[in-house]
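Below, read A as the first sequence line, B as the second, and so on, with proteins coming before strands; counting in each chain starts at 1. Remember, it's a predicted structure, so these values are computed and weren't measured experimentally.
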2 protein chains.
Amino acid sequence: MRNKTKLPTMADVANLAGVSSMTVSRALKPDTSVSKSTREKIQKAADELGYVLDTRASEFSSGKSGFVAITIPSINNGNFADTVKAFSDGLAEQDLQVLLGYTNYHVDREEQLVEQLLKKRPEAIVVTGGMHTDRCRLLLENSGIPVIETWDVPEQPIDHVVGFSNLQASELMFEHFIAQGHKKIGFIGGDNSRDSRGRDRYLGFCNTMEKHGLSSERVSFQELAPFSMEPGASGIRSIMKEWPDTEAVMCVSDLIAYGAITECQRMGINVPDDVKIGGFGAYELGQFLNPSITTIDVGAAQIGKFAAEKIIELLSDDGNTKSAKIVKTEPTLIKRQSA
Amino acid sequence: MRNKTKLPTMADVANLAGVSSMTVSRALKPDTSVSKSTREKIQKAADELGYVLDTRASEFSSGKSGFVAITIPSINNGNFADTVKAFSDGLAEQDLQVLLGYTNYHVDREEQLVEQLLKKRPEAIVVTGGMHTDRCRLLLENSGIPVIETWDVPEQPIDHVVGFSNLQASELMFEHFIAQGHKKIGFIGGDNSRDSRGRDRYLGFCNTMEKHGLSSERVSFQELAPFSMEPGASGIRSIMKEWPDTEAVMCVSDLIAYGAITECQRMGINVPDDVKIGGFGAYELGQFLNPSITTIDVGAAQIGKFAAEKIIELLSDDGNTKSAKIVKTEPTLIKRQSA
DNA sequence: TGTATAAATGTTATCGATATCAAAAGCAAG
DNA sequence: CTTGCTTTTGATATCGATAACATTTATACA
């Protein structure tokens with residue numbers, strides 16, 4: 001069934017319109033010098049044949065692919081979605097498309113994905129996080145295109161960075177707890193070996209506790225493969241069972257906090273009167289829950305916007321102007337009802 | 001900066017390894033006849049040069065692109081994410097990649113997107129919904145590849161369909177309301193001109209009301225551009241203000257229901273005692289909210305899975321075997337606390 | 001009207017891989 | 001060591017568009 005009838009090519013259109021295929025090529029682009037009459041003639045021929053440009057040939061011939069690759073950990077995550085949306089919007093004016101890939105929080109999967117993406121010769125690549133396999137790092141370094149690491153500030157950046165310190169960001173929440181006089185503080189996170197951002201948020205917990213001479217034992221690490229709400233429920237159950245006098249808990253994301261808060265309600269524990277619960281990421285659902293979720297806003301959309309701007313700058317650049325290698329966004333605490 | 005140093009090509013690898021580029025091409029694929037020793041030699045040369053295959057050239061030369069296009073209305077929507085995930089997983093074994101595009105619930109945007117995607121010569125295309133502009137329909141019909149419409153059962157399908165009747169699905173909820181003895185029933189939806197699935201759910205409301213001789217006036221249509229929770233809050237406010245004796249309301253999605261339920265809580269209205277609220281789509285967050293959200297499960301993942309299977313079948317097909325043009329999934333009511 | 005300049009169109013070579021066919025090398029059996 | 005087969009490798013044409021350059025046609029102005 002498929003490909004039985006071969007699709008029309010530019011030469012077919014040229015034939016029908018009685019011009020050369022080069023003229024067709026020009027007529028189909030917006031800003032080239034083709035007379036109005038021939039352009040109309042060609043447009044008519046193209047419509048008649050149902051001609052659709054083959055960008056594979058086009059990209060191959062012109063040498064530029066017209067798109068930028070971006071990898072994010074998970075498709076179903078409002079935060080990364082915000083980043084991607086702002087990123088796409090920022091690149092749209094430059095006629096650059098976005099090719100998206102999901103690592104599922106696995107560095108091995110990331111390596112595989114990055115290789116796949118590079119094979120398509122993007123004009124730049126954006127990756128989430130600063131933790132990569134050695135080979136992935138090498139691939140990116142040798143790619144010959146701008147590389148931007150986001151959502152993190154790696155110690156040894158590959159190239160450019162648009163991110164923030166997850167460690168410092170999570171400290172905001174713990175300092176907030178402590179300023180309210182709490183001492184028995186806990187943390188619910190995920191598998192730190194897979195998610196370096198989650199790990200840094202946990203380190204922020206440890207640092208702050210240590211700084212104030214408090215115990216950092218009240219932790220629960222849950223399997224949160226498809227980063228979700230259930231683990232928040234099990235996490236808070238486990239913490240409240242082992243340390244019933246816990247006063248405040250920060251969760252590695254708002255989705256976890258959502259699971260934890262709603263589970264508290266089911267257990268008859270009042271949030272925030274009995275225990276305070278903080279989230280991370282300023283997801284929309286946290287704003288509407290009762291109690292609304294106190295959280296850390298990391299400026300997800302801003303990251304995407306900045307990354308897009310940087311890419312536009314780097315691509316238009318003739319290699320002279322030096323732009324900042326590292327752009328930091330400023331996480332802020334959003335005080336709401338839950339903590 | 002970019003492209004300054006040209007990336008190595010297959011010919012470079014061939015040179016270094018002392019073979020022809022054709023042999024390199026073969027060695028880099030898994031199942032071709034190349035002797036073990038030369039394959040190792042070539043692999044070594046490729047690694048040394050940091051060679052990465054240029055799929056643009058590869059696809060162009062071989063004539064197949066190796067990917068399938070899919071359009072969905074919104075990136076940040078758990079339901080469509082589920083469909084896409086199942087779809088990707090289903091195609092992964094066939095070495096088919098997925099190229100994703102977002103229509104933002106606009107048919108004009110869809111037309112533009114479909115054209116963009118077709119330019120890249122996918123091997124098949126999946127679109128969400130059965131409402132298209134005339135030109136978009138034409139583009140799809142002339143594309144020469146399998147087309148699958150999903151999440152809907154159009155009256156005049158373009159080619160293949162994997163979907164369900166949104167009308168019948170929403171009737172499940174209204175019949176559920178009525179079976180509980182309710183008569184004063186409402187609906188919160190969005191802009192029907194943009195979202196045909198939402199419109200069909202609304203029609204399901206009207207049909208059921210009419211069938212039982214009830215009024216279908218209690219409706220609120222909200223602007224829900226980035227399909228979200230706030231509109232649920234305003235929607236329920238407006239309905240409860242105008243018709244305070246409303247007994248049950250269905251929302252066009254769980255996200256809207258979430259906004260509506262939490263707003264009720266803030267207004268001191270008890271759900272489900274004072275008013276019952278139903279959602280649509282079986283989103284994860286509805287399962288954990290107190291009260292948990294009664295909803296319609298449309299089998300989002302199943303749609304993706306079926307679509308993938310159909311594509312594999314159609315692509316491997318020699319054009320003989322006739323497969324069903326229309327595959328329907330069976331929406332079910334998930335009875336929880338809110339209704 | 002002729003010359004200078006700009007605009008419109010055509011010609012040819014090319015991007016990097018693979019399909020296809022041809023040739024060489026390896027191998028088994030007599 | 002020769003014949004006949006399989007396996008491995010190579011040479012060449014080709015996919016469809018565009019870059020770069022060449023040429024023709026239109027336009028302006030003296």
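Nucleotides of DNA chain C with any atom under 4.0 Å from a heavy atom of chain A span, from 5' to 3', C:dA8 to C:dG16.
A donor-acceptor pair shorter than 3.5 Å cannot be found between the side chains of B:S61 and B:S58. No hydrogens or angles considered: a donor-acceptor pair under 3.5 Å links the side chains of A:H132 and A:E110.
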Which atom pairs, donor and acceptor, lie under 3.5 Å between side-chain atoms of residues 92-99 of chain B and protein residues at least two apart or in another chain?
{"residue": "B:Q97", "atom": "NE2", "partner": "A:Q116", "partner atom": "OE1", "Å": "2.9"}

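Using a 4.0 Å cutoff on non-hydrogen atoms, the parts of residues 49-61 of chain B near DNA chain C are B:Y51, B:L53, B:D54, B:A57, B:S58, B:F60, B:S61, ordered by number. For the contact set between residues 15-23 of chain A and DNA chain C, defined by any heavy atom under 4.0 Å, the members are A:V19, A:S20, A:M22, A:T23.
For D:dT9, the OP1/OP2 oxygens have a side-chain nitrogen or oxygen of B:S35 closer than 4.0 Å. In this structure, A:K29 reaches the D:dT18 phosphate: one of its side-chain N or O atoms is under 4.0 Å from OP1 or OP2.
Identified under the ring-ring contact (aromatic ring centres under 6.0 Å, His included) test for residues 62-82 of chain B, with sequence neighbours left out: B:F80-B:W151.
Remark: A:F87 engages no residue in a ring pair (Phe, Tyr, Trp, His ring centres under 6.0 Å) (not counting sequence neighbours).
Once rounded to the nearest 0.5 Å, the distance linking CD of B:E59 with OG1 of A:T55 reads 9.0 Å. In this structure, A:I145 CD1 and A:L118 CG are separated by 5.5 Å, a value rounded to the nearest 0.5 Å.
Annotation for A:K85: atom NZ does not count as buried by contact number, only 12 or fewer foreign heavy atoms lying within 6.0 Å. Summarising the local packing, NZ of A:K44 is surrounded by 12 or fewer heavy atoms from other residues, nucleotides or ligands at distances under 6.0 Å.
Across the protein-nucleic acid pair, B:L28 atom CG and D:dT8 atom P stand 17 Å apart, rounded to whole Å.
The shortest heavy-atom contact between A:E123 and A:L315 is O-CD2, 3.5 Å.
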